[in-house]
Amino acid sequence: MGSLLERRRASMPPELLARVGLAWVLVCVLLLVTNYTEISARRFPGPDDVLRLVQLRDLLGGQSWFDQTQYRIDVANGGVAMHWSRLVDIPLLAVIGLLKPVFGQAAAEGIALVVVPLVTFGFALLLVGRMVWRLVGDEAAGLACLAMALSVPVVTQLRPMRIDHHGWQIVAALLAINGLMSRSPKLGGWATGFALALWLSISVEGLPLAVAICGLAVLRWWRNRSDRIWLVSILQSLAVSAAVLFAATRGVSDFANYCDAIAPVHLAIFAWSAVSVTVVAAMEPRPRAIIIGGFAVVGTGALAIVFTAAPQCAGGGFGAMDPVVSNFWLDHVAEGLPIWRQPFATILQTIIPPLIGILAAIQLAASSRDWLRRWWSDYALLLVAALTLAIFVTRAGAVAGALAAVPLGWQISQWIRAARNMRQSGKRVLALAGVAVALLPAMPLTLFTLAMPARAAGDGAAVKANSCNIPASAQILAKLPSGEIFAPLDIGPQLLLETEHTVAATGHHRGQAGIRAVIETFTGTSEEARETLKARGSAYVALCPELFESRYYQSLSKEGFVAQLRADKAPKWLVPVTVSEDSGFKIWRIAP
């Protein structure tokens, strides 16, 4: 098998495009059917997607490409500079700009909200299918696409209305791995470096796996000195591409060293690493001790740049967070929590497919030889790194799930083939059960839950922001004089989208001054709240009483301001504004 698969079939033959295209069409139909209610009601998966659309509207309304400040968030403190990348806005802008003259702004936005995530999914499927097609075979390529299409962590980030940056992170990760398959170390290295620069420009959350990919390039160098060109090319491409993308999206007006986005300090580290590794590579052939010493100099220099230029970033992207904001907000953002703080179904969906993928990659390495054996060994290591990251940061499970689909395609094809050839029904059932667990790891838990007697909904902690129907009251809110709406973080983006008002804060960490004000005001007394709102110049107070965030603030302060509002005991200086009764939304005007 090794010598046959060593040839690495053609990259994009018509047969591959047809198979992936069929899988993509089926995925689109499934996602459109299952998300029809959300699409028709314009209910977004999360607040980040809502704020992304607000950002697009601001850009179309004349805000500078290089200015990503949200001026309607926390006006009292000058607005909030977002850490997002304009790169993610480009496909959305393209669709809206193309269709707006034909269908109008609202319809163009609606189409973009559906089309862009599905096209992103198509790119991801193509990149997965390409790897499996070249290395394993036709049937496995289709099954790998199926495994990815059924991966809950992946679909969560690539479904309609999900226009935030996580889907493009998946595509960038897969593009980087595809680059590592190239026959040419120089071309493959530059492709991988560009993909890493793209990934990191979208989100620095990709940094741990970018380091892991560079680690694989170091391993290739260690195994074969002529393969040092991989690491050299990756780092050269990363340094050049990151600088170009920074200039294209950030411009030359802001050289602050942020820790949560690519900044001059990161560009300096990339440039230093590229130049110094190029020098070390030019020293070959030398004793390994000298090469190791060279790498030590590279690492020491990178650390020196961090501690000299941006010591605040040594603790990570959230190292400078306000302790109140960190303790009472950031530590409760579910997608950023470790896997052991997630529901059991989420744990199964995040952990099992990558684990099976790791075992399958190990089997593929054992049954292959030469280049292919090394490839699958490297892939298993990369999957271990991706799974480890997902264990500590749950949202990273999307990239791990996408990478796992590659060896899963082969493993599922093996199980299906074995089931076909088994005469004993018991063994056949076990083989098919393995397929089911790989594709739907939480299915046993789901079946068990369905079999249990129905239970009460408990305390409603799972109620999301989109269960509060703010659009139903949009016309009423639009008639109110413009002013700041002091509201929970999760509904802030929706208020910005539906109205021309401003909000005190949203759940975005650079606006931590406003976030702290929201936390302390809603958990403090009504008298303290009045003084804070007066100082801010707020005009309104809004609440979704059944929203988890509202319940959480009440749990922190049983007699606090939000507890009074939820109990319909608003202080006299708040005048209720009549809104749709079934909206689950309340708003009060602050009396002079």
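Separation of atoms CH2 (W199) and CD (Q169) is listed at 7.5 Å; rounding is to 0.5 Å. Distance check: R250 CZ to D67 CG gives 10.5 Å after rounding to the nearest 0.5 Å. Rounding to the nearest 0.5 angstrom, the gap separating the CZ atom in R57 from the CD1 atom in I96 is 8.5 Å. Atom CD1 of I262 is separated from atom CZ of F270 by 4.0 Å, given to the nearest 0.5 angstrom. A distance of 12.0 Å separates OG in S203 from CG in L87, rounded to the nearest 0.5 Å. In this structure, the separation between CG on D490 and CG on L547 is 5.5 Å, given to the nearest 0.5 Å.
Side-chain atoms of V54 and R72, non-hydrogen and from C-beta on, do get closer than 4.5 Å to each other. Using a 4.5 Å heavy-atom cutoff, the side chains of Q55 and L496 are not in contact. In this structure the side chain of W588 never reaches within 4.5 angstrom of the side chain of V575, judged on heavy atoms. In this structure, the side chains of Q349 and P153 come closer than 4.5 Å at one or more pairs of heavy atoms. Under the 4.5 Å side-chain criterion, counting only non-hydrogen atoms from C-beta, T506 is not in contact with V50. Between R536 and N77 the shortest side-chain heavy-atom distance falls below 4.5 Å. Within the 4.5 Å cutoff, the side chain of R52 has heavy atoms near those of the W84 side chain. For the pair L533 and W573, the minimum side-chain heavy-atom distance is below 4.5 Å.
One N or O on the side chain of S40 and one on the backbone of T37 form a donor-acceptor pair closer than 3.5 Å. Of the possible donor and acceptor atoms, one in the side chain of S557 sits under 3.5 Å from a partner among the backbone N and O of T523. A donor-acceptor contact shorter than 3.5 Å is absent between the side chain of H165 and the backbone of I202. Put simply, the side chain of S583 gets close to the backbone of F585: a donor and an acceptor are under 3.5 Å apart. A side-chain donor-acceptor contact under 3.5 Å links R86 to the backbone of W65. Looking at N257, its side chain does come within 3.5 Å of a backbone N or O of V265 through a donor-acceptor pair. Counting only distance, with no hydrogens or angles, the side chain of D164 and the backbone of D48 share no donor-acceptor pair below 3.5 Å. Side-chain atoms of H166 never come within 3.5 Å of backbone atoms of A396 as a donor-acceptor pair (strictly under, hydrogens ignored). No donor-acceptor distance shorter than 3.5 angstrom exists from the side chain of T69 to the backbone of Y71, with no hydrogens or angles considered. A donor-acceptor pair under 3.5 Å links the side-chain atoms of D49 to the main chain of G46, judged by distance alone.
Each of E335, R341, Q342 was evaluated against T394; a single residue qualifies, Q342, per the side-chain hydrogen bond (donor to acceptor under 3.5 Å, both in side chains) test. The salt bridge (charged side-chain N to carboxylate O under 4.0 Å, His left out) with R566 is formed by just one residue from the set E546, E549, E559; it is E546.
Judged by the 6.0 Å distance and 45° axis criteria, R162 is not positioned over the aromatic ring of F121.
The two residues A149 and V27 have their closest heavy-atom pair at CB-CG2, 3.3 Å. A pairwise comparison of heavy atoms in I163 and L53 identifies CD1-N, 4.0 Å as the closest pair. The shortest heavy-atom contact between I587 and L477 is CD1-CD2, 3.6 Å. Counting all heavy atoms, side chain and backbone alike, L543 lies closest to P488 at CD1-CG, 3.8 Å. Closest non-hydrogen pair, V116 versus V95, comes out as CG2-CG2, 3.9 Å. Shown here for G584 and P545, the closest heavy-atom pair between the two residues is O-CD, 3.6 Å.
Taking the six-membered ring where the residue is Trp, the centroids of H508 and H83 are separated by 6.0 Å or more. Taking the six-membered ring for Trp and the full ring otherwise, F392 and W340 have centroids separated by under 6.0 Å. Two rings, from F328 and Y553, have their centers 6.0 Å or more apart.
The pair E109-K100 does not count as a salt bridge, with every side-chain nitrogen at least 4.0 angstrom from each carboxylate oxygen. Taking a cutoff of 4.0 Å between a charged side-chain nitrogen and a carboxylate oxygen, E205 and R395 qualify as a salt bridge.
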- Please assess I590 against S538 for the test side chain to side chain contact (heavy atoms under 4.5 Å, CB included), listing each intermediate value before the final yes or no. CA-CA 8 Å; I590 300 175; S538 300; 4.0 Å; yes
- Task: List the steps and the verdict of side chain to side chain contact (heavy atoms under 4.5 Å, CB included) for Y258 and V204.
- Result: CA-CA 11 Å; Y258 300 110; V204 292; over 6 Å; no
- Walk me through it: do E38 and R159 pass the test salt bridge (charged side-chain N to carboxylate O under 4.0 Å, His left out)? CA-CA 11 Å; E38 285 72 21; R159 58 178 168 154; over 6 Å; no
- Item | side chain to side chain contact (heavy atoms under 4.5 Å, CB included) evaluation trace for H266 with L200 | CA-CA 10 Å; H266 300 98; L200 295 175; over 6 Å; no
- Message: Run V503 and V75 through side chain to side chain contact (heavy atoms under 4.5 Å, CB included) and show every step you take.
- Response: CA-CA 8 Å; V503 297; V75 176; over 6 Å; no
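Applying the 6.0 Å contact sphere to CZ of F246 captures more than 12 heavy atoms from other residues, nucleotides or ligands. Residue Q475 places its CD atom among 12 or fewer non-hydrogen atoms of other residues, nucleotides or ligands, all under 6.0 Å distant. Residue-environment remark: CZ (F66) exceeds the threshold of 12 foreign heavy atoms within 6.0 Å.
Note: F548 and Y552 have parallel aromatic rings, judged against thresholds of 30 and 60 degrees for the angle between ring planes.
Under 3.5 Å, the side chains of H509 and Q512 contain no donor-acceptor pair of N or O atoms.
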